[in-house]
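In what follows, a structure is listed as structure tokens, so that the remarks can point back to it.
Quick note: numbers below take in every heavy atom, side chains included, and nothing from hydrogens, waters or symmetry partners. Convention: sequence-line order gives letters A, B, ...; per-chain numbering from 1.
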2 protein chains.
Amino acid sequence: MNYLFSDRISALKPSAIREILKATADPSVISFAAGNPAPEAFPVEEIRRITDDILTENPIGALQYSVTEGYPAFLAALADMLHSRYHSGNENDGILAVSGAQQGIDLAIRSLVNEGDTILCENPSFIGSLNCFRSYRANLVGVDLEPDGLSLEQLEAALKANPRARLIYLIPNFQNPSGITMSLAKRKAVYELAGRYNVLILEDNPYGDLRFAGEAIPTIKSMDTDNRVIYCGSFSKILSPGLRVGYVCAHKSILGKMTVAKQCNDVHTNILAQLICHKFITECDLDAHIQKLQNIYRGKSKLMMDSIDAYFSPAVTRTSPEGGLFLWCTLPEGSDMMAFCTAAAQNKVAVVPGSAFTAEEGAPTLSFRLNYSTPTDDKIVEGCQILGKLTKELF
Amino acid sequence: MNYLFSDRISALKPSAIREILKATADPSVISFAAGNPAPEAFPVEEIRRITDDILTENPIGALQYSVTEGYPAFLAALADMLHSRYHSGNENDGILAVSGAQQGIDLAIRSLVNEGDTILCENPSFIGSLNCFRSYRANLVGVDLEPDGLSLEQLEAALKANPRARLIYLIPNFQNPSGITMSLAKRKAVYELAGRYNVLILEDNPYGDLRFAGEAIPTIKSMDTDNRVIYCGSFSKILSPGLRVGYVCAHKSILGKMTVAKQCNDVHTNILAQLICHKFITECDLDAHIQKLQNIYRGKSKLMMDSIDAYFSPAVTRTSPEGGLFLWCTLPEGSDMMAFCTAAAQNKVAVVPGSAFTAEEGAPTLSFRLNYSTPTDDKIVEGCQILGKLTKELF
């Protein structure tokens with residue numbers, strides 16, 4: 001039979017990243033295109049021990065149905081962690097356990113945004129969130145990134161021009177794809193603008209703990225006296241993405257609606273996974289583990305930046321991330337970015353074309369994203385040599 | 001600040017079940033209101049052993065990101081299982097692993113139904129699915145259940161009257177809430193009608209393996225030469241609901257769109273949980289385990305039916321389920337069902353008012369749902385004695 005699909009799904013184009021990632025199934029390809037934690041970043045022994053303890057002490061609790069909001073002791077531990085690590089969350093806020101931060105973002109939009117409402121976002125931004133916004137047929141308006149975060153002038157102009165603006169989506173720390181961190185001054189200014197134009201802020205902070213250089217900057221949620229910020233955290237980068245556990249901290253009335261949406265979506269998040277995360281943050285040395293991750297990514301990011309500086313044409317510029325998993329390269333004016341990415345793939349190095357991340361689909365860009373967390377150190381050097389040779393031939 | 005919620009979420013009323021379930025937090029309340037597997041139905045030792053094996057043999061595979069479709073070996077095992085147990089799925093179909101069958105239903109609607117499109121369903125039907133349909137602002141049309149499944153006359157009339165009908169949602173085996181099983185003749189007739197009116201069928205079969213009486217009846221999916229049936233299966237009732245693993249078998253082009261929707265929703269289903277289910281169906285004695293479950297629920301259902309027959313007023317009728325977790329009682333004409341359910345709660349027995357399950361919200365009904373899988377045997381008898389006394393006072 002001939003299938004008719006919904007307008008919301010028909011509006012989505014196949015993801016450029018997925019097409020590129022298909023090439024990386026070939027084991028001879030060096031992939032700088034993923035966003036996976038390094039294999040050595042997983043605390044395998046601790047997870048095995050914790051999991052066995054849970055299935056010994058409380059097997060039915062781990063395997064039975066539970067409430068949609070999340071496992072109560074885990075929610076309490078998350079509230080404590082958010083408060084002690086980030087001074088975030090006040091007495092009007094609650095916590096919702098979600099099946100990865102992606103679900104937190106999806107449920108927020110499902111609960112708050114009608115078709116045709118405007119979502120403001122950094123340009124470029126994370127493709128998973130952009131596609132989620134598109135699937136709700138929101139009007140996406142990008143605000144260009146500067147080295148210290150999005151342009152305040154463009155943001156205010158966009159707020160003025162879009163009376164149906166409902167929220168501003170931000171990844172303030174080590175942004176995906178750019179690696180850029182928003183300055184404290186801009187965080188304060190964005191929060192003030194959101195209040196003035198009465199819009200919400202969706203703060204996505206999956207990489208916040210992975211700072212390996214510079215000084216920590218407070219979350220926007222920590223400034224949130226108005227309960228205007230919906231904060232999404234994740235265990236994907238500090239523990240395991242395969243477990244699919246994240247959390248949302250927001251005003252209780254917003255979480256109430258998101259909980260109703262979650263009931264319709266997946267009832268509740270995997271309880272065994274919630275309990276593993278709970279034991280990990282309450283019984284293990286989280287600080288020591290996070291320091292270990294910071295050391296891993298400090299080393300890998302430095303190796304990639306040094307290799308780029310050594311092998312790339314000086315006409316290609318790059319960001320200098322202070323944390324996270326990604327950096328962002330920009331080709332000189334007049335270059336054909338897609339042709340470069342295609343040539344890279346032909347030379348067995350996968351990168352993600354920047355056009356995957358533009359708020360306006362297919363908008364021209366000279367940039368591409370590189371990931372340093374997934375490849376081995378040897379492959380980082382080898383891949384940068386190959387890309388560098390190409391840049392020197394072309395630019 | 002004052003929050004504006006989306007039309008799709010604002011349309012949902014608080015669930016009557018949730019309100020009733022709140023009363024069941026009181027440990028002195030006997031709850032017939034849940035739908036949890038019996039505690040003795042969990043193969044705890046096997047899950048513990050399997051999980052430890054996975055985290056020993058393949059820890060990074062279990063903890064790292066994976067593809068949205070599901071763990072490839074698990075998908076292959078599911079296709080084999082569907083084929084061998086249910087003769088379901090053909091060469092045009094694929095399998096998508098989902099975070100519980102609820103997510104399969106949600107993604108199907110997200111991919112296939114626009115606002116204002118019509119979904120036909122059994123009346124009464126499962127509240128989780130009905131609320132999901134409502135959250136997409138679909139036009140819900142209920143087709144009354146008869147003892148052998150939904151009314152074919154009403155179904156055809158509804159198909160005629162609703163040119164924007166997109167799909168028929170069905171739980172053919174031991175339906176929630178009614179416990180009714182659709183006859184083979186009706187399954188064939190519904191499939192034929194769906195072809196004639198060119199609509200899809202969403203077949204939800206969470207309880208199919210829990211048959212404890214009567215003869216197995218083929219799934220509608222097993223008749224699906226047109227690839228018109230989207231089939232949802234679940235591990236919640238045969239292994240563990242807390243793990244949140246289900247699967248969808250449907251035409252590959254439908255699954256392609258659902259996969260795009262799933263990327264926007266939760267990226268992929270918990271991999272550790274997929275691997276646990278995979279080992280369980282490939283390395284354990286699934287037939288013996290299912291037989292054990294059937295024995296548990298045969299005993300519990302018989303105890304509840306015998307207790308109803310012994311203690312209830314003969315003016316109250318009940319269904320006789322051949323499997324699953326629920327049965328459905330109906331009060332005599334002119335009764336006030338909500339007043340009865342409230343009186344039951346005051347007498348410390350929780351049941352779910354039938355109005356929670358009507359396709360038209362708040363439509364009058366004389367019925368209520370009883371669950372026999374969660375309470376202990378003693379509580380089944382005691383709860384039925386209390387309810388029976390009430391029925392004899394009132395009817």
Any donor-acceptor pair under 3.5 Å linking the side-chain atoms of [Y] with those of [X]?
| X | Y | answer |
| --- | --- | --- |
| Tyr169(A) | Ser129(A) | yes |
| Ser10(B) | Asp7(B) | no |
| Tyr136(B) | Asp106(B) | yes |
| Asn265(B) | Asn265(A) | yes |
| Asn227(A) | Asp93(A) | yes |
| Tyr71(A) | Ser66(A) | no |

Picking from [options], which has the most non-hydrogen pairs under 4.5 angstrom with chain A?
| options | value |
| --- | --- |
| Gly128(B), Ser135(B), Ser111(B) | Ser111(B) |
| Arg166(B), Gln274(B), Met258(B), Gln102(B) | Gln102(B) |
| Gly35(B), Pro37(B), Gly100(B) | Pro37(B) |
| Thr269(B), Ile254(B), Val98(B) | Ile254(B) |
| Ile271(B), Val44(B), Leu243(B), Ile60(B) | Leu243(B) |

Margin query: Can you tell me which of Ala41(A), Gly61(A), Pro39(A), Ser6(A) forms the most heavy-atom pairs within a distance under 4.5 Å of chain B?
Written below: Ser6(A)
Under a 4.5 Å heavy-atom cut-off, does chain B meet the side chain of [X], its backbone, both or neither?
| X | value |
| --- | --- |
| Tyr3(A) | side chain |
| Tyr65(A) | both |
| Thr56(A) | both |
| Asp266(A) | both |
| Arg134(A) | neither |

Checklist line | For Glu40(B), salt bridge (charged side-chain N to carboxylate O under 4.0 Å, His left out) partners two or more places apart | finding: none
Could you tell me which portion of [X] (side chain, backbone, both or neither) has an atom closer than 4.5 angstrom to a non-hydrogen atom of chain A?
| X | result |
| --- | --- |
| Ser253(B) | both |
| Ile276(B) | side chain |
| Phe42(B) | side chain |
| Ala261(B) | both |
| Glu115(B) | both |

Next item on the list: Quick one: sort the His278(B) and Phe74(B) rings into parallel, tilted or perpendicular, breaks at 30° and 60°.
Entry: perpendicular
Next item on the list: Run through His268(B), Gln103(B), Glu69(B) and flag the one making a side-chain hydrogen bond (donor to acceptor under 3.5 Å, both in side chains) with Lys262(B).
Entry: Gln103(B)
Next item on the list: Would you confirm whether Arg228(B), through its side chain, and Val199(B), through its main-chain N or O, come within 3.5 Å as a donor-acceptor pair?
Entry: yes
